[in-house]
Amino acid sequence: MIMMVAVWPSASHSEALNRTFMADPVPIVPSHVHSINDSVSAEQAADDYEFVIRQLVRTRVISVSEISDCPKFDLILLGMGPDGQVASLFPNHSVLGENDEWVTFITDSPKPPPERITFTLPVINSASNVAVVATGVSKAEALHLAIDDVGPDSPSLPARMVQPTNGKLVWFLDKAASSKLDGAQFSN
Ligand SMILES: O=C1O[C@H](COP(=O)(O)O)[C@@H](O)[C@H](O)[C@H]1O
């Protein structure tokens, strides 16, 4: 089962993900792929997407976290923006405090497109596995702030707030992105 909550209304993004997951050698059944409805408003698209997930929970296709009462996905795959954004959860945005909805929407994304839908933090942190992929030097500072022990003044970066309650968090980084991590050492 692949749930795709990326950017809305960027059909090309969803289509690219579709192609990736549909491509061999990943044998995904097409009916297990749930894309975003980009022919309605972002608010409606978020409601529709949450409805789909609730149906899948009701029919026990997706299990529920006993801790958070949120859907418990096997794996959530995230990218991270240079500002520490994950999913469409941006720094200092009120969406970071959304604890009631599973899927929500924003209309003022600091980077295009302005209208997006996103899983909320409680859903991300209920997953069994969360993988975050970050590459390139533009992500280095945010990665340092997200991963290293930066003390009590550490900013509430969305990427730092990804802390699965009862699951694993794995970072996939390249050398450039990791270059500002404390103790980073690279061999040739
Ligand atoms: O807005 C988004 O940004 C992140 C990071 O993108 P990148 O181009 O800086 O790597 C991306 O992972 C996410 O899918 C997208 O919604």
Side-chain angles (χ1 to χ4, degrees), residues 1-23 26 28 33-46 48-50 52-53 71 73-96 98 101-125 127 129-147 155-164 167-181:
M1 184 72 51
I2 307 285
M3 311 296 299
M4 289 195 298
V5 180
V7 176
W8 186 94
S10 169
S12 59
H13 195 103
S14 290
E15 281 159 14
L17 284 169
N18 254 320
R19 277 196 300 277
T20 303
F21 285 113
M22 296 301 201
V26 185
I28 304 289
V33 178
H34 297 276
S35 305
I36 301 163
N37 180 359
D38 59 2
S39 61
V40 294
S41 69
E43 181 173 12
Q44 186 63 52
D48 291 354
Y49 208 84
E50 182 159 326
V52 169
I53 297 172
F73 291 105
D74 295 327
L75 170 66
I76 292 187
L77 176 61
L78 300 169
M80 186 194 76
D83 58 354
Q85 160 224 357
V86 290
S88 287
L89 305 172
F90 289 91
N92 306 313
H93 196 288
S94 58
V95 73
L96 291 171
E98 177 55 68
E101 309 287 345
W102 291 351
V103 182
T104 191
F105 70 102
I106 61 172
T107 55
D108 57 354
S109 163
K111 79 182 206 195
E115 298 193 328
R116 294 159 170 252
I117 77 168
T118 183
F119 279 143
T120 56
L121 267 175
V123 169
I124 292 171
N125 284 333
N129 298 278
V130 180
V132 191
V133 180
T135 59
V137 72
S138 68
K139 313 286 171 82
E141 181 62 23
L143 270 174
H144 164 62
L145 296 174
I147 293 178
S156 340
L157 274 201
R160 198 179 177 93
M161 297 164 99
V162 175
Q163 292 168 8
K168 282 189 204 151
L169 171 63
V170 180
W171 290 86
F172 291 92
L173 312 172
D174 68 359
K175 204 172 174 178
S178 335
S179 57
K180 290 192 178 172
L181 288 179

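Keep in mind that the numbers below use all heavy atoms, side chains included, and drop hydrogens, waters and symmetry copies. All residue numbers in this chain count up from 1 along the given sequence. Order of appearance sets the numbers: ligands from 1, and atoms from 1 within every ligand. Here the structure is a predicted model, which is why all the values come from computation and not from measurement.
- Note that CG of Leu157 is 9.0 Å distant from CD of Glu141, once rounded to the nearest 0.5 Å.
- Judged purely by atom type and a 3.5 angstrom limit, Ser178 has no side-chain atom pairing as donor or acceptor with the backbone of Leu181.
- Here is the list of ligand 1 atoms found below 4.0 Å of a heavy atom in Gly79: 12 (O).
- When Lys111, Lys139, Met80 are checked for heavy-atom proximity to atom 3 (O) of ligand 1, Lys111 turns out nearest.
- The shortest N or O to N or O distance between Arg116 and ligand 1 is under 3.5 Å.
- For the atom pair CG of Leu78 and OG1 of Thr118, the computed distance is 8.5 Å after rounding to the nearest 0.5 Å.
- The aromatic rings of Phe119 and Phe73 lie tilted to each other, with the angle between the two planes from 30° to 60°.
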